[in-house]
J.: 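Here's a structure for you.
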Amino acid sequence: MGVALRDILAPYRDPIGWEGLCGAAAIDAHNALYQFLTIIRQPDGTPLVDAEGRVTSHLSGLFFRTTKLLELGIRPVFVYDGPPPPLKSRTIEARRSVREEADRQYAAAVERGDREEAYRQARAATRIDGGMIESSRRLLDLLGVPWVQAPSEGEAEAARLAATGQVAYAVSQDYDSLLFGAPVLARNVTISGRRRLRGRTITVEPERIRLAAVLEGLGIGREELIRVGILVGTDFNEGVRGVGARTALKLVREGRFEETVAERLPGFDPGPVFEFFCHPPSGGTVHLSWRPPDPDGLRAMLCDEYSFSRERVDGALERLGMTAGQRTLDQWF
DNA sequence: ATCGGGGA
DNA sequence: TCCCCGATA
């Protein structure tokens, strides 16, 4: 799940109100869909489904969250993953086996009527299939919100859009975006609100991390930050056992990166991972344009096809100034 | 995200 | 004492 740099990045996480997040935002689509699928569930762990039993949690999250972002003056562009790099195979295989095990545990928990365990396992078994990708893109098209296909990792492409100024910041829960060079990373944008955590209800608010502040504060460059990530472990390499963010930072500062890799990760060549973070496969220039939503199309898709409540869909459209037959174009142009 | 165990 | 890491929402 991304690179574990929380312990050294915590001081650079600025709480930021929605006002501070206006402008265009490149959102890691897989990261967002995954969050919707794991969070939007009924108490027994079953996701939202339509009349035919198809999962709709991702569409619900995407629709209500995206309309809210538009309402707040944020112009999102969703960035979808392309083919994963071979470096990621190990991680992908590991995740697959975790999900398969969760499938078995879920079935077993349901069989013996263990609700809590079923809920846990249902979440752990969450996967994003091709149909979900397809339906989410169709929904974005109806919302008039652009999406792009990354040549490889979505996070990398979102970071590039931010680095080239095509958007103001990248949105993801993972810190990898910073290693990929996003000048600004915003977290808790797709999940903010109340969440229950160990009995308590806590409020999750958007936060911003500026790469320049991180590098200046830690006294290192982006290349060193990437080395810290490699020692801790990323989606593209296993880290050193027993080395967390603090120790990794210390080692890199002392110039002991190569030495540590040689000693503790024999046979591993960090070069390709380093190169992947420094220069990820890059897409061409994209033209991003936001259009007004299509209220009739949205009602047809969400209400007729996927059993969404007409009232809730209309409510969201109204908040956007999209009452039937009336559109306020000026807010989009 | 947070907690607590346990290793260095 | 610091820090890593697994377990738990």
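Here is the naming used below: chain letters follow the sequence lines, and residue numbers restart at 1 for every chain.
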J.: In whole angstroms, how far is the C1' atom of dC5(C) from the CD atom of Glu238(A)?
T.: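 Atom CD in Glu238(A) sits about 15 Å away from atom C1' in dC5(C).
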J.: Rounded to the nearest angstrom, tell me the gap between atom CD in Glu116(A) and atom P in dT8(C).
T.: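 Value for this atom pair: 12 Å.
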J.: Do the charged groups of Glu93(A) and Arg96(A) touch, with an N to O distance under 4.0 Å?
T.: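 The answer is yes: the pair qualifies as a salt bridge.
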J.: Taking atom C1' of dC5(C) as reference, at what distance in whole Å does atom CG of Leu231(A) sit?
T.: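 Value for this atom pair: 17 Å.
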J.: Could you tell me whether the side chains of Gln121(A) and Asp103(A) share a donor-acceptor contact shorter than 3.5 Å?
T.: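 Gln121(A) vs Asp103(A): no donor-acceptor pair found between side chains.
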J.: In this structure, which one of Arg54(A), Arg138(A), Arg299(A) forms a side chain to side chain donor-acceptor pair (under 3.5 Å) with Glu305(A)?
T.: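 One option only clears the test, and that one is Arg138(A).
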J.: Grab the N/O contacts between the protein and nucleotides 1-4 of chain C below 3.5 Å, and write none if there aren't any.
T.:
| from | atom 1 | to | atom 2 | distance (Å) |
| --- | --- | --- | --- | --- |
| dC4(C) | OP1 | Gly244(A) | N | 3.1 |
| dC4(C) | OP1 | Gly244(A) | O | 3.3 |
| dC4(C) | OP1 | Arg246(A) | N | 3.3 |
| dC4(C) | OP1 | Thr247(A) | N | 2.9 |
| dC4(C) | OP1 | Thr247(A) | OG1 | 2.8 |
| dC4(C) | O5' | Gly244(A) | N | 3.1 |

J.: Are Val55(A) and Val313(A) connected into the same hydrophobic cluster when the rule is that any two of I, L, V, M, F, W, Y join if their side-chain heavy atoms are below 4.5 Å apart?
T.: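 In one cluster with Val313(A): Val55(A), yes.
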J.: Report the residue (Val232(A) or Arg123(A)) whose heavy-atom-nearest nucleotide on DNA chain C is the more 5′ of the two.
T.: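 Its nearest nucleotide being more 5', the pick is Val232(A).
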J.: Can you give me every donor-acceptor pair (side chain of residues 270-283 of chain A, partner residue at least two apart or in another chain, under 3.5 Å) with its distance?
T.:
| from | atom 1 | to | atom 2 | distance (Å) |
| --- | --- | --- | --- | --- |
| Ser282(A) | OG | Arg160(A) | NE | 3.3 |

J.: Are Val232(A) and Phe268(A) in one and the same hydrophobic cluster, where Ile, Leu, Val, Met, Phe, Trp and Tyr link if side-chain heavy atoms are under 4.5 Å apart?
T.: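 Linked, Val232(A) and Phe268(A) end up in one cluster.
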J.: When we call it a touch if two heavy atoms are under 4.0 Å apart, what does Arg187(A) touch: a base, just sugar-phosphate, or nothing?
T.: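 Sugar-phosphate only.
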J.: Just the rounded figure in Å: distance from P of dT8(C) to CD of Gln121(A).
T.: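 Going from CD in Gln121(A) over to P in dT8(C) covers 11 Å.
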